A.B. asks: 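Here's a structure for you.
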Amino acid sequence: MTETYDFTQVVDLRGDNTRKWGDDATVLPMDLADMDFLVAPAIQKELLAKVQTGFYSYQTVPDQYFAAVTNWFKQRHGVTIPADWQIFASGIRPTVNAIIRELTQPGDKIIVQKPGYSMVALATTGRKLVQTDLVYDAEQLTYQLDDERLAQQLADPKVKLMILYNPHNPTGKVWTKDEITTIVQLCTENGVVLLSDEAHGDLTFNDGGYFSALAVPKALRSSVVAVVSPSKAFNLAALQAATVIVPDDQLRADVALALKNYALSEPNLLAVAGTIAAYQAGAAWLDQLLVYLRANRQEVAHFLDHNIPTIKWVPTAGTTMMWLDISALNTDAEAFRSFLIKEVGLKVTAGNTFGADQFIRLAIGCPQATLDEGLRRLQRGVVHFLQQRRTNKWASLLS
């Protein structure tokens with residue numbers, strides 16, 4: 001009999017050194033991509049057992065770790081990933097930056113999408129960021145790849161690397177098989193390495209799931225470096241555990257050198273145990289989580305339609321965040337974010353962070369009671385914002 005998991009429990013995390021919650025009891029944070037659910041019991045059990053050994057010495061990565069990754073991707077996504085393609089890495093963000101420094105030189109260009117999560121410290125490395133805009137249809141509320149523009153950008157000999165968020169952050173777009181294949185093929189044809197960040201790959205709500213860059217035909221895989229992790233789907237971000245998957249032998253050797261040079265190839269005490277437990281014993285928990293998150297998404301969509309029609313949800317199918325179009329408010333997202341914090345104590349992410357100043361990102365990986373409170377605050381915030389605008393307008397006319 002399958003165990004039933006409870007995602008309704010609200011846990012007070014303030015004062016617990018969590019980056020998301022902090023100490024201010026008046027602010028409800030719905031900005032960071034951390035979920036507010038207790039970690040799966042099977043994972044908790046393994047982590048507790050590791051701590052209770054009383055030995056906290058240097059760790060190694062056993063064969064069991066790589067086997068767990070292989071089995072998970074074969075069973076969950078239908079992708080075969082041999083163990084010898086895999087390299088353990090301590091965290092996604094430092095890993096991406098280490099790979100950039102190893103595979104590119106100052107003056108080289110790196111392509112990212114816009115809007116896009118900019119976790120890449122290019123300003124300090126001398127590389128140039130080239131943005132390829134996703135095409136937004138404000139009527140259909142959809143994002144599409146501009147493959148012609150991307151082809152032109154990749155043809156620039158100074159472009160050495162492209163970073164892809166798959167599924168996409170912040171929009172939640174789940175790339176199609178054709179889109180991923182086109183991207184990988186263009187990169188391969190132009191000798192550009194594709195660094196595919198697939199940390200959100202297990203968090204999709206469409207029928208087909210996400211299409212990994214590793215699932216393209218064998219002839220195209222030589223340009224692919226994929227980074228995967230249980231950190232998002234299983235709420236294990238603080239374990240700093242990731243796996244870099246590189247089919248090409250020489251490229252893998254270069255990546256391995258980068259991780260070694262930046263001291264990212266050794267796990268902390270809990271990284272290996274947590275990853276193995278997630279991939280070996282976490283499937284049922286994740287399946288139930290996705291059902292709960294799908295209901296949260298539907299709740300947000302319904303609430304916006306009936307209570308805040310000026311804000312539109314971009315109906316994409318991935319991640320634990322929702323991408324909201326606030327263009328009807330005729331304001332800058334950062335200004336609106338600051339207003340929400342001050343007036344109603346709601347913290348969201350301004351789209352300016354991603355190069356999209358008419359959007360906000362709302363994190364919904366939380367119990368429904370927390371979500372409902374956040375939506376009520378958002379509604380009050382919009383009402384107050386519009387009232388203040390009308391008051392200011394009349395004041396200016398009378399002055």
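Treat the numbers as computed from the prediction; the structure is a model and nothing was measured.
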A.B. asks: Is it the case that the side chain of Gln368 and the backbone of Ala295 share a donor-acceptor pair, with hydrogens and angles ignored and the cut-off at 3.5 Å?
C.D. replies: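 A pair under 3.5 Å: no.
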A.B. asks: Are a donor atom and an acceptor atom from the side chains of Lys173 and Gln113 found within less than 3.5 Å of each other?
C.D. replies: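 The criterion, which ignores hydrogens and geometry beyond distance, is not satisfied for Gln113 and Lys173.
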A.B. asks: Check for a donor-acceptor pair, side chain of Asp202 on one end and backbone N or O of Ala233 on the other, with a separation under 3.5 Å.
C.D. replies: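 Not at all, since once roles are kept as given, no pair shorter than 3.5 Å links the two residues.
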A.B. asks: Under 3.5 Å, is there a donor-acceptor pair between the side chain of Thr275 and the main chain of Val272?
C.D. replies: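 Answer holds: no.
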A.B. asks: Start with the C-alpha distance between Met321 and Asn169, add both sets of side-chain angles, then the distance that settles side chain to side chain contact (heavy atoms under 4.5 Å, CB included), and finish with yes or no.
C.D. replies: CA-CA 9 Å; Met321 289 81 69; Asn169 183 12; 3.7 Å; yes
A.B. asks: Distance-only, no hydrogens or angles: does the Arg101 side chain make a donor-acceptor pair with backbone N or O of Asn97 under 3.5 Å?
C.D. replies: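 Side chain of Arg101 to backbone of Asn97, a donor-acceptor pair under 3.5 Å: yes, one is there.
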A.B. asks: Looking at side-chain heavy atoms only, is the closest gap between Phe385 and Thr310 below 4.5 Å?
C.D. replies: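 No, side chains not in contact.
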A.B. asks: As a quick check of understanding, evaluate side chain to side chain contact (heavy atoms under 4.5 Å, CB included) for Ile311 and Leu378, giving each step before the final call.
C.D. replies: CA-CA 10 Å; Ile311 296 181; Leu378 179 61; 4.2 Å; yes
A.B. asks: Closer than 4.0 angstrom, basic N to acidic O: yes or no for Arg252 and Asp84?
C.D. replies: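 No, no charged N to carboxylate O under 4.0 Å.
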A.B. asks: Determine, step by step, whether Tyr292 and Phe37 satisfy the ring-ring contact (aromatic ring centres under 6.0 Å, His included) criterion, reporting the C-alpha distance in whole Å, the side-chain angles of both residues, the deciding distance to 0.1 Å, and the verdict.
C.D. replies: CA-CA 11 Å; Tyr292 195 89; Phe37 304 121; 5.7 Å; yes
A.B. asks: How far does CD of Glu179 sit from CD1 of Ile183, to the nearest 0.5 angstrom?
C.D. replies: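 Result: 6.5 Å between the selected atoms.
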A.B. asks: Suppose we screen for salt bridge (Lys or Arg N to Asp or Glu O under 4.0 Å). Which residues come up paired with Arg361, at least two apart in sequence or across chains?
C.D. replies: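 Checked Arg361 against salt bridge (Lys or Arg N to Asp or Glu O under 4.0 Å); zero matches.
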A.B. asks: Please answer whether the main-chain N or O of Thr104 pairs with a side-chain N or O of Arg127 as donor and acceptor at a distance below 3.5 Å.
C.D. replies: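 Side chain of Arg127 to backbone of Thr104: a pair is present.
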A.B. asks: Taking it one step at a time, do Lys50 and Glu46 satisfy salt bridge (charged side-chain N to carboxylate O under 4.0 Å, His left out)?
C.D. replies: CA-CA 6 Å; Lys50 187 69 173 176; Glu46 293 302 318; over 6 Å; no
A.B. asks: Taking the side chain as C-beta and beyond, is there a heavy-atom pair between Phe303 and Gln379 under 4.5 Å?
C.D. replies: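 With C-beta onward as the side chain, the pair touches.
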A.B. asks: Looking at residues at least two apart in the chain, or sitting in another chain, which of them share a ring pair (Phe, Tyr, Trp, His ring centres under 6.0 Å) with Phe66?
C.D. replies: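 Expected list: none.
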A.B. asks: Do Asp34 and Trp21 have side-chain atoms, one donor and one acceptor, less than 3.5 Å apart?
C.D. replies: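 Absent: no donor and acceptor within the cut-off.
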A.B. asks: Linking I/L/V/M/F/W/Y whenever any side-chain heavy atoms sit under 4.5 Å apart, do Val300 and Val344 land together?
C.D. replies: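 Val300 clusters together with Val344.
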A.B. asks: Report the distance from atom CH2 of Trp285 to atom CG of Leu290, rounding to the nearest 0.5 Å.
C.D. replies: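 Going from CH2 on Trp285 over to CG on Leu290, the span is 9.0 Å.
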A.B. asks: With a 3.5 Å cut-off and no angle check, do the side chains of Tyr136 and Asp325 form a donor-acceptor pair?
C.D. replies: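 Yes, side-chain donor-acceptor contact under 3.5 Å.
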A.B. asks: What do the steps show when you test Phe234 against Trp72 for ring-ring contact (aromatic ring centres under 6.0 Å, His included), and what is the final call?
C.D. replies: CA-CA 13 Å; Phe234 293 97; Trp72 178 262; 5.8 Å; yes
A.B. asks: Counting only N and O atoms by type, is there a donor-acceptor contact under 3.5 Å from the side chain of Asn296 to the main-chain atoms of Gly365?
C.D. replies: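 Not confirmed, Asn296 side chain does not pair with Gly365 backbone.
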A.B. asks: Nearest 0.5 Å, please: how far is CD1 in Ile245 from CD1 in Ile81?
C.D. replies: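 Answer for the CD1-CD1 pair, Ile81 versus Ile245, is 3.5 Å.
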